[in-house]
Amino acid sequence: MKIKLNLTRRQKPKLLVWALFFSFTFGYAQTTEIKGTVIAEGFPIGGVNVIIKGTINGTYTDFDGNYTIKVEKGNTLVYSYVGYKTKEILIADQNNINVTLEPDAAALQEVIVIGYGTQKKKEVTGAVVNISNDVIDKTATSDLGTALQGQVAGVNIQASSGRPGEAANVQIRGLGSVSPNALGPLYVVDGIPYEDNPNISPELISSVDILKDGAAASIYGTRASNGVILITTKKGKSGSIKVDFNTYTSIQDITSGTPLMNTQQQIYAEDVMLKALGRDPLIFFFNPDALDYDSDFVGDVQNDGAIIRNYSLGVSGGSENLTLSFNTNYFNQDGILVNSGFDRLATRFTGEFRKNKFKAFATIGYTNENREQEPWGLYEYSIAQKPWQPPLTGLNSIGGNGVEIPVRNAILYSYLSQQLNNEDDRKTTSVNIAANLQYEFFDGFTYKINLGRNTYDYSRSFFQPQYLVYDKDGLNPTASRENAKLEENYISTERNVIENMFTYKKSFGKHNLNFLAVLSYEDFKSKTLGLGVNFSEESGNSSKTLGAGSDPIAPTSYIDERKLAGKLGRVQYNFDEKYLFSASYRRDGSSRFSEKNRYGDFFGFSTGWNIHEENFFKMYLL
């Protein structure tokens, strides 16, 4: 919409005067300079954020706690610093504002999980890093490892592959084991150890604590040689019922593909190469219509614009004594290669009850995953094809399961074309249960029993259909798959854990003691079963059941049972939260080793000094 003003000659000068007056007035009343000093606990502190509320404009205090900022009257200044309560001040006619920040008791008492307990962050002597769910939720991914990438020093995280839903490789402190099956860290979820990466949905996680140093072995034994990742799932909070719903959608594209030559460039390159070898090119001898094609096989197997969808729902609440939490997440990812995809439905229910000296906690999680895996070597075989050959969609069918491939090397071509008809479907179902009961018998002495059970069920159905290839000489048996094949694999595992923990905490003036004793027992069972059949040429692809096969494949079966018993003792001491000491000892016995080498001892010792708590250090800051 346009507005047109019709002004007379006398009105135009008046309008110009009023415009200049208002612009001068606004410019004059625009800003006021505020100076001041920020003090906390009697000392000026540097690095305090001073922000104009509702904007990103602001400054921070210097080494002596001083700051200068320009604001408008009516603005509000927000003063914030880690460990202290945020303070807000409305600007009126002040020119100098000195602020005193009060300690935030909750922040100063922040605790982190250190294995079989918690500790104040300022009292930790080992290499422990805490990552909250605020950091984890920022990345659109189904994998916790990917969400932690670049967040923790000393933790190297690399993608294991580009497959949808695939867990990343996590290395803490580099290579920690010579066994290829033990290169990853130990995962502990709500106090219960896992055999491998639990692949928990990031949306169900409250926080992650990573034990990075070698002393972790003195807490969890030899399994902690590659570090420990402690996962705490979301819990309910007392108060009215709170409902959270989050969703996002993203698109995937391959932006750094492999550059390939087109038909003319490829023919020219081959002609030059063969002439240098003293040979004649035979492209048009085998492919008279080679110039009719300019096929892009890589583009045919890519799935640009693949969608990722994520939906999360959380319901929590409770009373003073009882809190409940229900969280569910659905993640669906299309693969960037054809015939690949991943979806997961993860649900967790958690309850916590407190009454006087008694505390009970229970959580149950259920995860169902479905994965369609792309054929082996799909991308590599597509690169190997020549662009002057007919595209994958341009082949003529012969009969029900036959195809005509009129190219020079039908075997290489069929390596790609026949695998596109494979069906590779995998399903995983896992259930994990954790519960603990805790009671304080007398002041400082607590007994806690921790119970856990993890089950994992995996199934795979891999069907390779009959695929008959005809070239200019007729049926090519080497390039064909004359018999359809069906393989089914099943893996089921079960882990049971029971731990008895005794803790005693006592303070004598400025002396603070914490004793821990743990008796733990775990048993693990695993069963693997593999079945398969080949179908007759006459049956073709009409049936995809084991019973319809004509030639059975020898079944495979493996059973693995092992037990682990451990004892742990730990003592922690600090004086006035300045001088810190921690020592731990664990003795493990594992049935995986021979009787002669069944038991192992692990020791840990560390000290610390909070120098910033010393008076001379505070005086130095002045």
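Quick caveat: nothing in here was measured; it's all calculated off a predicted structure. In what follows, residues are counted from 1 in the order of the sequence shown. These numbers come from the heavy atoms of this one structure, side chains and all, not from hydrogens, waters or symmetry mates.
Shown here for Ser340 and Ile336, the closest heavy-atom pair between the two residues is OG-N, 4.2 Å. In plain terms, the two heavy atoms of Ala290 and Ile283 that are nearest each other are CB-CG2, 4.0 Å. Ser550 approaches Ser536 most closely through the heavy-atom pair OG-N, 3.2 Å. Listed here is the closest heavy atom pair of Leu468 and Arg481: CD2-O, 4.2 Å. Nearest heavy-atom pair, Asn541 versus Ala484, reported as atom, atom and distance to 0.1 Å: OD1-CB, 3.6 Å. The two residues Asp143 and Thr141 have their closest heavy-atom pair at N-OG1, 3.1 Å.
Atom OH of Tyr311 sits about 13.0 Å away from atom OG1 of Thr328, to the nearest 0.5 Å. Taken from OH in Tyr413 to CG in Leu392, the straight-line distance is 4.5 Å, to the nearest 0.5 Å.
Summarising the local packing, OH of Tyr248 is surrounded by more than 12 heavy atoms from other residues, nucleotides or ligands at distances under 6.0 Å. Around CZ of Arg592, the count of heavy atoms belonging to other residues, nucleotides or ligands within 6.0 Å does not exceed 12. Environment of CZ in Phe245: crowded, with over 12 heavy atoms of neighbouring residues, nucleotides or ligands closer than 6.0 Å.
Checking side-chain atoms of Ser295 against main-chain N and O of Phe297 turns up no donor-acceptor pair under 3.5 Å. Listed for the Ser414 side chain is a donor-acceptor partner under 3.5 Å among the backbone atoms of Ala479. Between the side chain of Asn327 and the main chain of Arg348, no donor-acceptor pair closer than 3.5 Å is present. Formation of a donor-acceptor pair under 3.5 Å by the Gln385 side chain with backbone atoms of Tyr381 is found in this model. Arg309 places no side-chain N or O within donor-acceptor distance of the main-chain N or O of Thr249, the cut-off being under 3.5 Å. Between the side chain of Asn133 and the backbone N or O of Ile136, no donor-acceptor pair lies under 3.5 Å. Using modelled atom types, one side-chain atom of Ser591 and one backbone atom of Lys563 make a donor-acceptor pair closer than 3.5 Å.
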Trace of the side-chain contact (heavy atoms from CB on, under 4.5 Å) decision for Asn454 with Val189: CA-CA 10 Å; Asn454 301 327; Val189 181; over 6 Å; no
Candidate pair Asn370 and Asp425, rule side-chain contact (heavy atoms from CB on, under 4.5 Å), full reasoning: CA-CA 7 Å; Asn370 296 288; Asp425 298 317; over 6 Å; no
Worked verdict on Lys235 versus Phe361 for side-chain contact (heavy atoms from CB on, under 4.5 Å): CA-CA 10 Å; Lys235 301 178 181 178; Phe361 168 82; 3.6 Å; yes
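Side chains of Glu494 and Asn496: a donor on one and an acceptor on the other come within 3.5 Å. Under the 3.5 Å distance criterion, with hydrogens and angles disregarded, a donor-acceptor pair is assigned to the side chains of Thr233 and Asp190.
Between Tyr366 and Phe349, the ring centre distance reaches or exceeds 6.0 Å.
With respect to the salt-bridge test (charged N to carboxylate O, under 4.0 angstrom), the residues Glu372 and Arg426 do not qualify. A salt bridge between Asp601 and Arg587 is present, with a side-chain N of the basic residue lying under 4.0 Å from a carboxylate O of the acidic one. Ion pair Glu561/Lys527 not flagged as a salt bridge, since none of the NZ, NE, NH1 or NH2 atoms sits closer than 4.0 Å to an Asp/Glu carboxylate oxygen. Between Arg586 and Asp588 there is a salt bridge, since at least one side-chain N of the basic residue sits less than 4.0 Å from a carboxylate O of the acidic one. Salt-bridge check for Lys427 with Glu369: failed, with every basic side-chain N at 4.0 Å or more from each acidic carboxylate O. We find that Glu374 and Arg163 are joined by a salt bridge, their nearest charged nitrogen and carboxylate oxygen being less than 4.0 Å apart. For Lys544 and Glu423, the salt-bridge test passes: some basic side-chain N is under 4.0 Å from an acidic carboxylate O.
When each of Tyr187, Tyr116, Tyr194 is checked for a ring pair (Phe, Tyr, Trp, His ring centres under 6.0 Å) with Tyr220, only Tyr116 meets the rule. Between Asn310 and the choices Thr247, Asn332, Asn329, the side chain to side chain donor-acceptor pair (under 3.5 Å) rule is met once, by Asn329.
Looking only at side-chain heavy atoms (C-beta outward), Asn483 and Phe535 stay at 4.5 Å or farther from each other. Leu148 is listed as a side-chain neighbour of Ile157, based on a closest heavy-atom distance under 4.5 Å. Inter-residue side-chain proximity for Ile449 and Asn436 is flagged as unmet; no heavy-atom pair is nearer than 4.5 Å.
Among residue pairs with one or both ends in residues 458-471, those qualifying as side chain to side chain donor-acceptor pair (under 3.5 Å) are Asn401-Gln466, Ser417-Tyr467, Asp424-Arg460, Asp471-Asn476; sequence neighbours excluded.
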